[in-house]
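Reviewing the structure listed below.
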Amino acid sequence: MSDENEDVREMLTAEQVLALIPISRTTLFRLERDKVFPKGEAITPHRKLWFKDEVIAWQRDLRDPTSALSQAVRVRNLKASTRPSKEV
């Protein structure tokens, strides 16, 4: 007989994710859009949740300099720092 709780994964709100990862809400959604952060699950039209285990795995991969994620973030940051500045 299988345990009912076996398939239950804890989920986090954007506020809970941002408490773990000190970035802005906009940056969170940009990282997700750029596929360098786990994709959240829309549970209603105005509510999105992230699986806690995926966020924790993301943090571990970010610390590993050999991970694909770490390298992708490094490239993304390099591109952002080499963009020409906007003149006013």
Side-chain angles (χ1 to χ4, degrees):
M1 186 182 295
S2 71
D3 181 21
E4 282 185 30
N5 293 330
E6 188 175 299
D7 295 329
V8 175
R9 295 166 60 195
E10 187 173 352
M11 298 183 89
L12 303 172
T13 64
E15 293 76 19
Q16 291 171 314
V17 171
L18 296 173
L20 294 172
I21 302 165
I23 57 176
S24 72
R25 188 178 194 85
T26 301
T27 299
L28 172 64
F29 289 109
R30 284 183 185 148
L31 290 172
E32 182 186 32
R33 176 198 67 200
D34 295 345
K35 297 180 172 58
V36 291
F37 192 78
K39 187 175 179 338
E41 300 292 327
I43 60 168
T44 71
H46 302 286
R47 188 67 151 172
K48 185 180 266 194
L49 299 174
W50 287 262
F51 287 107
K52 184 177 182 178
D53 59 332
E54 291 179 2
V55 173
I56 292 168
W58 178 86
Q59 289 175 313
R60 284 190 194 119
D61 285 349
L62 194 60
R63 288 190 309 238
D64 178 2
T66 63
S67 75
L69 170 65
S70 183
Q71 293 170 9
V73 168
R74 196 174 305 116
V75 167
R76 183 180 183 275
N77 291 342
L78 274 173
K79 286 180 182 178
S81 68
T82 59
R83 286 186 192 136
S85 62
K86 293 182 181 179
E87 303 252 346
V88 179

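Heavy atoms only: backbone and side chains are in, while hydrogens, waters and symmetry mates are out.
- Atom-to-atom distance recorded for T27:OG1 and E32:CD is 12.5 Å, nearest 0.5 angstrom.
- Two different hydrophobic clusters hold F51 and I21 under the rule that ILVMFWY side chains link at heavy-atom gaps under 4.5 Å.
- Residues V55 and F37 are in side-chain contact: their nearest non-hydrogen atoms beyond the backbone lie under 4.5 Å apart.
- Within the 4.5 Å cutoff, side-chain heavy atoms of L20 are placed close to those of Q59.
- In this structure R47 satisfies the salt bridge (charged side-chain N to carboxylate O under 4.0 Å, His left out) test with no other residue, sequence neighbours excluded.
- Between F29 and W50, the ring planes lie tilted relative to each other; the angle falls in the 30° to 60° range.
- Listed for the Q71 side chain is no donor-acceptor partner under 3.5 Å among the backbone atoms of A68.
- With sequence neighbours excluded, the residues satisfying salt bridge (charged side-chain N to carboxylate O under 4.0 Å, His left out) with D53 are R9.
- In this structure, CE in M11 is found 8.5 Å from CD in E54, a value given to the nearest 0.5 Å.
- The distance from atom OG of S70 to atom CG of D61, rounded to the nearest 0.5 Å, is 8.5 Å.
- V73 is connected to I23 through a chain of hydrophobic side-chain contacts under 4.5 Å among Ile, Leu, Val, Met, Phe, Trp and Tyr, so both are in one cluster.
- A heavy-atom distance below 4.5 Å is found between the side chains of L18 and L28.
- Distance CG/L12 to CG/L49: 8.0 Å, rounded to 0.5 Å.
- Atom-to-atom distance recorded for T26:OG1 and L31:CG is 11.0 Å, nearest 0.5 angstrom.
- Taking CH2 of W58 as the reference point, atom CZ of R63 lies at 10.5 Å (rounded to 0.5 Å).
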